[in-house]
Structure formats: C-alpha cells, structure tokens
Novice: 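Take this structure first; my questions come after.
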Amino acid sequence: MVHRLYLTEMSTHHTPTRSTLPVAGEDHARLTIDLSALADNWRAMARRSGAARTAAVLKADAYGIGLEPAARTFHLAGARDFFVATPAEGAALRATLPDARIYVLSGMWAGSERLFFEFDLVPVIASEEQLAVFMAAVSDGSDHPCVLHVDTGMSRLGLRVEDALALAGDVARPASFSPIMLLSHLACADDPNHPLNRQQLQRFRTAVDAFDGIDATLANSAGIFLGEEYHFTLTRPGISLYGGAAVNDAPNPMKPVVTAEARILQVREAKAGESVSYGATTVFTRDTRIAVAAVGYADGYMRALSGSGVPLRKTNVPGAGGVLHGRAVPLIGRVTMDLTHFDVTDLPEGSVRPGDFIELFGRNMPIEDVARAGGTIDYELLTSLGRRYERRYEAAKK
Ligand SMILES: *Cc1c(COP(=O)(O)O)cnc(C)c1O
C-alpha cells in the first residue's frame, strides 16, 4: 500500500500531465508558433534544394516547437522524408504520419530492433557493431530498409570511408544487406570557406560511386546553402525550417517561426546608486524603471544572457534584450530561475503595465542574436525552452 502511494506521488511530480501544463490565459510565458512561416521555410529550402528531394529534421520534439504540429505542417507542404534522433521519437512520429519515411539517426542497437519493425522506421547504421545488429535482425530473410552512415570528416557517427568501400566491394555481402541510401554529415557547413567542406564532399562522392547509383544525402541546412553539388538525392534541413540562422556571418533569409514572450509581473522604480538582482551586478547610474518579467533560466532563458556571456563576473554589461511595445529594452542584472529584469526607463511613463508581454525573441528580436548574447546558438536556445510556456500554434494557410 505504501509502495502504491509512493508511486502515485512520483508520477504526479515527475511526469507532467496536461493539468500541470499552463492553461490558456493563465500563462506567464508563451510561445507563438507560426505554422505558415514553418511551411514557407520548408518550401524555401525545397526550392534551394533544386532537383533533390527535401526532408525535414524533427529531432528533439521538432527543435522544441512540438513534434506533431511541425510534422503535420511539413507533410502538408509536401515533405515525405523525416529524420529523428531516436527510435522512441520515430515511434511517436509514426502516429502522426502513417505513410512517411522515417529515418532514425542514432541507428539500431541490440534491444531496439522491435521498435524499428513495429513502427516501420529506417535505421541509419552508424558503426560496424550496428551493422552486425541489423544483419542479425534481418537474417531470417525479412526485408527491412536501412541507410548507411559514412563518416567523411566529423568523427561523430558513421563507418569510415575505407570500411564503407570494402563493404560495397564485398562479394560475400549478404543479400539482406542493401542500404537504400548513403548518409554523411558536414562538420563545418556553417562556414562556407572552410576547406573541410570540399574534402567531405570528395570523400562522400567516392563512397556513393562505390555503391553505384544509390540514393545519397549530405546537406543539412547550411549544406544546402553550399550549392547544388552538396544536394545529392535528398537534403536534410533542420534549423532553417524553424527560422534559425544556418550560415555564420550572413543575413538569415528564413522567416521567424517561434516568438517567445513573458508576462510583466511588476513595474518598479529604483534610484541611482541602487542595484538589481543577485550579485548586484548592475548598479544604476540614473533613476531607473524596471520591468520584472516572468521568465528565467528554468525556462531556458539562460543565466548567461545576463551579461554578454560573462555573468559570473562582476559586470554592468547588458546581455540580451527584449522588445516591449515595439521598443528594444536591455536586460539588466542577472537572470534568475523564474524572473528577469528589463530597463524600461526610456519608454514613456505609464506605457508599460503589469500583465503586458515582453518579446524575448521572435518576430522583432532575432533568435540568433539572443542566442549569441548568451554565448550559444539558436539550436540550443530552442531545444532548451522547457515546459512552462503556453504553446500557441497559428494555423498554416494553404
Ligand atoms: C541535426 C541534423 C541535421 C539537421 O541539421 P541543421 O543544421 O539543423 O539543418 C541533419 N543531419 C544530421 C545527421 C543531423 O544530426
């Protein structure tokens, strides 16, 4: 009996259920997800992919925006190939997309075979060990597709090119092993001038040639921008679909998809010489009006946003900023777990009121700029947002 009670308690505390998620109107922080921008971004990347088919990468809950609405939107826009990181993500996606091709980037390991067969998931075989697991799984003659991951210079996952070439030339290769596609991943595509891009391209070509006419996929978002040579049969955009900046030091052509906002709980005055938040890192040089927003590092609004990436040192340097009533306002003091402070002194008195929402990033504040202020990239900002936001989806226009 005691054991039972304990389990009940565990499950209410550790498994967020619908009732623990924010209720519309009571939310302190919200994400507005523009599904028509999401569809437009997929179409834009499909156009840039030219003759190649264009997949959509949906790992990590579709980069934090929500797997199901993202998957439906891409499918409606025309996508039929989808990449996830784990078989569990693939199984979840299968419920939404019964007829799509779903590839699992982490591949197949012993014990996970059942998921691949049951949910019709295509493993992306990442190593010799995984190859053995896959071969054993199909040794009864069952016909199941797989993709072979070839490492061309990232040293993350994939067979070495030599080993892939040996496999292609192996006359003893079992008939049950015939990959439907070769995959490789670019390490430096966000830096178009990096010499490794071209080296990876050459190595990948060698492997693709050895497998004679096989489908092939190399380009992530940034790889698509490198040009047609990198597109092969299928491209794999992720971050660009979600509005992120794929290429360093270049204007971001994608439409913003996610707008994050937090409610202002209080507007207060502080005098010159007073300070704000933990550590008193910001000491005011003028009388200051402060808006206290209901968002903090527990919401993925990172503590490092406090001050140009050096929040642990004593610093007055403002980090990120927000947008309130159309005006950019600087973040002041340290970001705390649930609360963040903004300097609204320069906005007309009385214009900022408790209950107003401040934009943290999105339509008016580029996500990549906010991520940079926190010493990271938009990928990490998006995938760290957490569960306290109310998520509102704006329907895609046909
Ligand atoms: C995450 C991932 C992608 C998508 O990359 P983006 O930079 O987000 O476009 C493509 N391929 C692989 C193997 C990945 O892990």
Side-chain angles (χ1 to χ4, degrees), residues 38 41-46 48-49 52-65 67 70-71 74 79 81-87 89-90 93 101-108 121-127 130 146-159 179 181-192 194 196-197 200-201 203-204 207 215-227 230-248 250 252-255 257-258 367-368 371 376-384:
L38 191 68
N41 285 342
W42 185 83
R43 288 189 207 100
M45 293 313 277
R48 279 185 197 271
S49 299
R53 285 194 334 275
T54 305
V57 179
L58 289 171
K59 58 197 185 187
D61 199 32
Y63 288 50
I65 79 162
L67 179 67
F74 294 136
D81 298 87
F82 298 87
F83 287 86
V84 291
T86 67
E89 289 180 346
L93 181 57
R101 185 143 254 173
I102 301 174
Y103 308 91
V104 177
L105 288 165
S106 59
M108 181 187 273
L121 310 175
V122 181
V124 180
I125 303 294
S127 65
Q130 290 199 356
C146 77
V147 168
L148 190 64
H149 192 154
V150 183
D151 177 60
T152 53
M154 179 142 175
S155 305
R156 190 171 69 169
L157 292 178
L159 266 66
M181 185 162 67
L182 290 195
L183 177 147
S184 194
H185 194 47
L186 295 163
C188 305
D190 57 353
D191 177 2
H194 200 291
L196 190 52
N197 294 327
Q200 287 196 264
L201 177 64
R203 288 178 199 142
F204 191 52
D215 277 1
T217 176
L218 176 64
N220 61 345
S221 299
I224 294 168
F225 288 94
L226 289 177
Y230 288 82
H231 296 168
F232 291 87
T233 344
L234 180 72
T235 61
R236 307 189 306 272
I239 193 69
S240 56
L241 306 179
Y242 305 101
V247 183
N248 297 338
N252 179 5
M254 311 317 295
K255 294 187 177 176
V257 169
V258 186
I367 184 172
E368 62 271 24
T376 186
I377 51 177
D378 36 19
Y379 298 71
E380 190 179 12
L381 190 56
L382 274 180
T383 55
S384 306

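Order of appearance sets the numbers: ligands from 1, and atoms from 1 within every ligand. Computed from a predicted structure; not experimentally measured.
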Novice: Applying a strict 4.0 Å limit to heavy atoms, is Arg156 in contact with ligand 1?
Specialist: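 Within the 4.0 Å threshold, so yes.
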
Novice: Regarding ligand 1, does Ile239 bring an N or O atom to under 3.5 Å of one of the ligand's N or O atoms?
Specialist: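 Indeed, backbone or side chain, Ile239 has an N or O that close.
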
Novice: How far is atom 3 (C) of ligand 1 from its nearest protein heavy atom, and which residue and atom name does that atom have?
Specialist: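 The closest one turns out to be Lys59 NZ, 3.7 Å.
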
Novice: Would you mind reporting whether Ile239 and Leu382 have side-chain heavy atoms less than 4.5 Å apart?
Specialist: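 Answer yes - side chains close enough.
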
Novice: Using a 4.0 Å heavy-atom cut-off, say whether Arg236 meets ligand 1 through its side chain, its backbone, both or neither.
Specialist: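 Under 4.0 Å from ligand 1, Arg236 contributes backbone and side-chain atoms.
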
Novice: Could you tell me, atom by atom, which parts of ligand 1 come under 4.0 Å of a heavy atom of Tyr63?
Specialist: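 Answer for ligand 1: 1 (C), 4 (C), 5 (O), 6 (P), 8 (O).
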
Novice: Let's go through Leu58 and Glu89 carefully: what are the C-alpha distance in whole Å and the side-chain angles of both, what is the deciding distance for side-chain contact (heavy atoms from CB on, under 4.5 Å) to 0.1 Å, and is it a yes or a no?
Specialist: CA-CA 9 Å; Leu58 289 171; Glu89 289 180 346; over 6 Å; no

Novice: For the residue pair Phe204 and Phe232, does the interplanar ring angle fall in the parallel (under 30°), tilted (30 to 60°) or perpendicular (over 60°) class?
Specialist: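 Perpendicular, since the angle between the ring planes exceeds 60°.
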
Novice: Just by distance, do the side chain of Thr383 and the backbone of Tyr379 share a donor-acceptor pair under 3.5 Å?
Specialist: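 Such a contact is found between Thr383 side chain and Tyr379 backbone.
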
Novice: Step by step, work out the side-chain hydrogen bond (donor to acceptor under 3.5 Å, both in side chains) result for Tyr103 and Asp81.
Specialist: CA-CA 8 Å; Tyr103 308 91; Asp81 298 87; 2.8 Å; yes

Novice: Contact between ligand 1 and Ser240 is defined here as a heavy atom of the residue under 4.0 Å from a ligand atom; is it met?
Specialist: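 It does not; every heavy atom stays at 4.0 Å or beyond.
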
Novice: Could you list the atoms of ligand 1 found under 4.0 angstrom from a heavy atom of Tyr379?
Specialist: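 Ligand 1 atoms under the 4.0 Å threshold to Tyr379: 6 (P), 7 (O), 8 (O).
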
Novice: Test your reading of the structure: does Ser221 have an N or O sitting under 3.5 Å from an N or O of ligand 1?
Specialist: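 Yes, since at least one N or O of Ser221 sits under 3.5 Å from an N or O of ligand 1.
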
Novice: So Met181 and Val122, side-chain contact (heavy atoms from CB on, under 4.5 Å) or not? Walk me through it.
Specialist: CA-CA 10 Å; Met181 185 162 67; Val122 181; over 6 Å; no

Novice: So which bit of Leu105 gets within less than 4.0 Å of ligand 1, heavy atoms only: side chain, backbone, both or neither?
Specialist: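 Within the 4.0 Å criterion, Leu105 contacts ligand 1 through side-chain atoms alone.
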
Novice: Out of Asn220, Ile377, Val57, whose heavy atom sits nearest atom 5 (O) of ligand 1?
Specialist: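 Nearest heavy atom to atom 5 (O) of ligand 1 lies in Asn220.
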
Novice: Heavy-atom distance under 4.5 Å between the side chains of Tyr230 and Thr235, does that happen here?
Specialist: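 When only atoms from C-beta onward are counted, Thr235 and Tyr230 do not touch, as no gap falls below 4.5 Å.
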
